[in-house]
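Down below is the structure, laid out as structure tokens.
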Amino acid sequence: MKIQDAYVIVTSPGRNFVTLKIVTESGTYGIGDATLNGREMAVVAYLEEHVIPLLIGRDAGRIEDTWHYLYRGAYWRRGPVTMAAIGAVDLALWDIKAKAADMPLYQLLGGRSRERVMTYAHCTGSDIDACLEEVDTHVKLGYRAVRVQAGVPGIATIYGVAKRAGERYEPADSELPAEHVWSTEKYLNHVPKLFAAVRERFGDDIHVLHDVHHRLTPIEAARLGKAVEPYHLFWLEDCVPAENQQSLKLVREHTTTPLAIGEVFNSIHDCRELIENQWIDYIRTPLSHGGGITHVRRIADLASLYHVRTGFHGPTDLSPVCLGAAIHFDTWVPNFGIQEHMPHEAITDRVFPHDYRFEDGHFLVGETPGHGVDIDEALAAKYPYKRASLPVNRLEDGTLWHW
Ligand SMILES: O=C(O)C(=O)C[C@H](O)[C@H](O)CO
Ligand SMILES: [Mg+2]
């Protein structure tokens, strides 16, 4: 089954998405998500200039060989742009293979390990009470797990907290980066009160998660992990940046709060030390940014040896193509933990028709051959790309910080 054509579709139904479509001689096609939030056009150029010409005429069935051809063949290895481009090719090729086999993707991966995929919701509020109302709403929608983020007195704007009640936060909300001001001390003094309030109102039965978004140093993260132990979080996410993997060792030595990390990783080498030393509990690298199913499956297998489970990144800035493929992977992978769910806007869902369903706090995988997500190209063409940037953060003295 030779690849006859491949092209990139850039569309902005509510926010920017980049999709790679690969078409074979028989007419069977597959699609992959190539969206890299805030750096979308870099992946477009990488695909159009350096990848698509190599795909034409190749055997679409040789997924493993194509992965190595693109990875080793480029000489310049790893990095989010390269790996998002390879990931899009890989997802599209798995889609084609599953369609050709007339199977839903999870069957091709090895079949079901579970009936349904537990997912967590985002609950944010300008203060603790507003956040608790969001938790209440999501518990009533059936969620068993909630990620809670609340405003902190004395900090005007925090990335990840919606600006208005009932709204979701938008990851990339302005043409050029907005600037926020951050105070670690104010945050550390306030945030344990949020978990205490959630447990007091909702009891012990819901899973509670929290994203620190890389803003702490290791010893500060250790302090937070210890402080929140009484509220038994499901996980504390991205508590420190992890370019230095040893940072997680320090945190681990001080606290039993479970640790999740990896949404900005794109290679097994970014997390190998973290996994082999059992410094983390959940690995979050998504299929699209981690070089596709072919590579992330290796990460999951390594993780399974060390009691580390998957908890894939699932924000709105990964398209329904990535989410749909993730739900197949989650249905199969033996060491599944949880799947993030930040619902896409209705118009995004119309541009990307899909067969996965949310029910009772879980995703249910579809039975359509392939990964079950398509793109309506005519509708997509109505929503042209708009530059959108993620924010930056500064400490109160003006020092540039993690956001
Ligand atoms: O979903 C999360 O956990 C995030 O941290 C969202 C990220 O900030 C977002 O995907 C950046 O583009
Ligand atoms: Mg995160």
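In this text the structure is predicted, and so the values were computed from the model without any measurement. Both counts, for ligands and for their atoms, begin at 1 and track the order of listing. Just the heavy atoms: all of them, side chains too, but no hydrogens, waters or symmetry mates, feed the values below.
- Distances from atom 5 (O) of ligand 1 to the heavy atoms of E263, H341, R15 put E263 nearest.
- Environment of CZ in R114: crowded, with over 12 heavy atoms of neighbouring residues, nucleotides or ligands closer than 6.0 Å.
- For the pair D136/R201, a side-chain contact is recorded, criterion being any heavy-atom separation below 4.5 Å from C-beta on.
- Less than 6.0 angstrom separates the ring centroid of Y282 from the ring centroid of F234.
- Side-chain contact check for H362 and E115: no donor-acceptor pair (N or O, by modelled atom type) lies under 3.5 Å.
- For D211, the N, O or S atom with the smallest separation from the Mg ion (ligand 2) is OD2.
- Remark: R144 CZ is packed, more than 12 non-hydrogen atoms of other residues, nucleotides or ligands lying under 6.0 Å away.
- Remark: K21 is not positioned above the aromatic ring of Y7, lacking an NZ or CZ atom under 6.0 angstrom from the ring centre and at most 45 degrees off the axis.
- Looking only at its N/O/S atoms, E263 has OE1 as the one nearest to the Mg ion (ligand 2).
- Looking at atom 12 (O) of ligand 1, its nearest protein heavy atom turns out to be N37 ND2, 2.8 Å.
- Ring-centre distance between H371 and W94: not below the 6.0 Å cut-off.
- The ligand atoms of ligand 1 that sit less than 4.0 angstrom from a heavy atom of P315 are 1 (O), 10 (O).
- Looking at E237 and the Mg ion (ligand 2) together, the shortest N, O or S contact belongs to OE2.
- Heavy-atom contacts of R147 reach the following atoms of ligand 1: 1 (O), 2 (C), 3 (O) (cutoff under 4.0 Å).
- At a heavy-atom cutoff of 4.0 Å, ligand 1 is contacted by no atom of Y120, backbone or side chain.
- Counting only heavy atoms of the protein, atom 1 (O) of ligand 1 lies nearest to E340 OE2, 2.5 Å.
- The shortest contact between atom 8 (O) of ligand 1 and any protein heavy atom is with Y159 OH, 2.6 Å.
- The closest approach between E237 and ligand 1 falls below 4.0 Å for a heavy atom of the residue.
- In the vicinity of R284, heavy-atom distances shorter than 4.0 Å reach the ligand 1 atoms 2 (C), 3 (O).
- No more than 12 heavy atoms of other residues, nucleotides or ligands sit less than 6.0 Å from atom CD of E200.
- For the pair R394 and T399, the minimum side-chain heavy-atom distance is 4.5 Å or more.
- Near D211, with a cut-off below 4.0 Å to any heavy atom, the atoms of ligand 1 are 2 (C), 3 (O), 4 (C), 5 (O).
- Close N/O approach between W403 and ligand 1 is not found [any backbone or side-chain N/O within under 3.5 Å].
- Residue D238: no N/O/S atom is found under 2.8 Å from the Mg ion (ligand 2).
- The aromatic rings of Y120 and H122 lie parallel to each other, with less than 30° between the two planes, well short of the 60° mark.
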